[in-house]
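Notes follow once the structure below has been shown.
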Amino acid sequence: MTAFTVALVLVVAAAGLLRWRRPAWYWLAFGVTLAALRVLVRYRSVMDACGLTVPPARWRLSLARATNQPIPEPRPPRIRRLRPTRTGLVLRLKLRPGQDVFDIAAASDRLRHSFSMFGVTSREVRSGVVEVRMTGYDVLKRVQMPAETETRAMRVPVALREDGSVHYRDYRAIPHALTLGATESGKSVYQRNLVAGLAPLDVALVGIDCKQGVELFPLARRFSALADSPDTAAELLDALVARMADVYRLIRTQQRITVAVPDAEIAADIWDLPEELRPTPVVVLVDEVAELALYATKEEERRRDRIITALVRLAQLGRAAGIYLEICGQRFGSELGKGITMLRAQLTGRTAHRLNDEPSANMAFGDIAPDAVLAAIQIPAELRGLAIAGDASGGWHRIRAPHTSLRQAVNLCYRYADRTPDLPELAPFRPTTGTTTELVPSAKASPATA
């Protein structure tokens, strides 16, 4: 009995230590089993308390009365599958007649408390089937990306969502995006994760960093073109517009609109072209867009109009030519001058880190997801890297990118420097780098975003 007591005390102490220091390990070792049992045991009573049950069918009531049996209890949604994950549980429910997916979404907070989980989110899989994702711990406190992620052309993992799933930046689905955030909010780390994810792919990276290049020029070995001033940026954007026109001429000559060609093979963008003729896709990263829009003299105003016009053209027409925009800044409102709101309307993806005021949040989500505005201004200052990500569909998620130091990003760019394509149109803007390619070991980084 003494040995059993000692062993039990050691197991409880180990569980408590894991839950404090390594919540992910605790979840996999103890939490997932306890949570699954808790959900299965409490399921019917919790659903009834949350108003997620429906009365029994009339034929069952009639049968119970005819046979003098007890009245059947109200029926909750039927559990079709309960699947454990490394961060929580996934519950797939079949709704009863008369129930709606919004009923489950409205009761998410009550389900979280009743099942003693950290977070609960829901989404409709198909008509009548809802997937409820429960997280067992705060996955955004210490961000740990899964060892394996889905790989696809122009689709890179950049962050972790609050429900434990991976947040991807898919350029084929969302060509252009806007990233906002105050100083020290985590924009630079998010941008490094983008570069780190794109570095192994066959893509040309183009950077515009008007802070004299302090953010992007350390990563120059993987960039096909870089600009560190508004004057150079204007010339670089003109070169990209010219490249876009050349790509469209190539697509026009290869469209093959004949009766013998199937509809799916008619070329309308670069991804419809044969692989040997397909131009290299280009991702343009603008580090601080306000520096391109501000002016003090007439000459700077003309340069500013030239830059904004080029950006609007690339945003409106660049997708089919394989040119994608990543616009970053602290604010992005109409005070930056004419053309800014037109440009913002073309940026489908929106990511907002900590913002200093509500108008800044409205610039990001006011026109696509008003519910996300309040969430964006409630991000605490100590949680650098925490952000709200949304798109034109109106949906949004809390995300956090894993901490990637500048040294880690530089090492990745050195490792994949041989994948940097030489684009003739952008040759004058190719950054000059040294010949040293030695990788410097980086210090072990904390999994939490700094």
Quick check: does any side chain N or O of [X] sit under 3.5 Å from a backbone N or O of [Y], one acting as donor and the other as acceptor?
| X | Y | value |
| --- | --- | --- |
| Thr135 | Gly119 | yes |
| Arg400 | Arg384 | yes |
| Arg354 | Thr183 | yes |
| Thr280 | Asp202 | no |
| Asn411 | Gln408 | no |
| Arg350 | Ala364 | yes |
| Ser165 | Arg161 | no |
| Arg303 | Ala234 | no |
| Trp396 | Val373 | no |
| Arg304 | Leu336 | yes |

For [range], which residue pairs qualify under ring-ring contact (aromatic ring centres under 6.0 Å, His included), counting only residues two or more places apart or in two chains?
| range | answer |
| --- | --- |
| residues 332-366 | Tyr190-His353 |
| residues 268-291 | none |
| residues 101-135 | none |

With a 4.5 Å heavy-atom cut-off, do [X] and [Y] have their side chains touching?
| X | Y | value |
| --- | --- | --- |
| Ile399 | Val158 | no |
| Leu93 | Met47 | yes |
| Ile327 | His176 | no |
| Val189 | Arg192 | yes |
| Arg222 | Val203 | yes |
| Thr87 | Tyr137 | yes |
| Gln330 | Asn356 | no |
| His403 | Val143 | no |

### Query
For residues 289-299, which residue pairs qualify under side-chain hydrogen bond (donor to acceptor under 3.5 Å, both in side chains), counting only residues two or more places apart or in two chains?
none
### Task
Taking salt bridge (Lys or Arg N to Asp or Glu O under 4.0 Å) as the test, write out the residues that go with Arg155, two or more places apart.
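Arg155 satisfies salt bridge (Lys or Arg N to Asp or Glu O under 4.0 Å) with Glu150, Asp170 once adjacent residues are dropped.
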Which distance, rounded to the nearest 0.5 Å, do you find between the [atom1] of [X] and the [atom2] of [Y]?
| X | Y | atom1 | atom2 | result |
| --- | --- | --- | --- | --- |
| Arg419 | Ser224 | CZ | OG | 13.0 Å |
| Leu285 | Leu226 | CG | CG | 9.5 Å |
| Leu426 | Leu240 | CG | CG | 5.5 Å |
| Glu326 | Gln191 | CD | CD | 8.5 Å |
| Arg86 | Gln144 | CZ | CD | 7.0 Å |
| Leu95 | Ile104 | CG | CD1 | 5.5 Å |

Enumerate, atom names and distances included, each donor-acceptor pair closer than 3.5 Å involving a side-chain atom of residues 204-212, sequence neighbours excluded.
unit_1: Asp209; atom_1: OD1; unit_2: Lys211; atom_2: N; d: 3.2
unit_1: Asp209; atom_1: OD2; unit_2: Val214; atom_2: N; d: 3.3
unit_1: Asp209; atom_1: OD2; unit_2: Glu215; atom_2: N; d: 2.8
unit_1: Asp209; atom_1: OD2; unit_2: Leu216; atom_2: N; d: 3.1
unit_1: Lys211; atom_1: NZ; unit_2: Asp287; atom_2: OD2; d: 3.4

### Query
Just checking, is any N or O donor in the side chain of Ser229 or Asp231 under 3.5 Å from an acceptor N or O on the other one?
no
### Query
Between Arg133 and Thr121, does any side-chain donor sit less than 3.5 Å from a side-chain acceptor?
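No, Thr121 and Arg133 have no side-chain donor paired with an acceptor closer than 3.5 Å.
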For [X], does the [atom1] atom have more than 12 heavy-atom neighbours from other residues, nucleotides or ligands under 6.0 Å away?
| X | atom1 | result |
| --- | --- | --- |
| Arg430 | CZ | yes |
| Arg278 | CZ | yes |
| Glu276 | CD | yes |

### Message
If the threshold is 4.0 Å, N to carboxylate O, is there a salt bridge linking Arg112 and Asp109?
### Response
yes
#### Entry: Salt bridge Arg243-Asp246, side-chain N to carboxylate O under 4.0 Å
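No, Arg243 and Asp246 are not salt-bridged.
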### Message
Tell me whether the NZ or CZ atom of Arg169 lies within the 45° cone about the ring axis of Tyr171 and under 6.0 Å from its centre.
### Response
yes
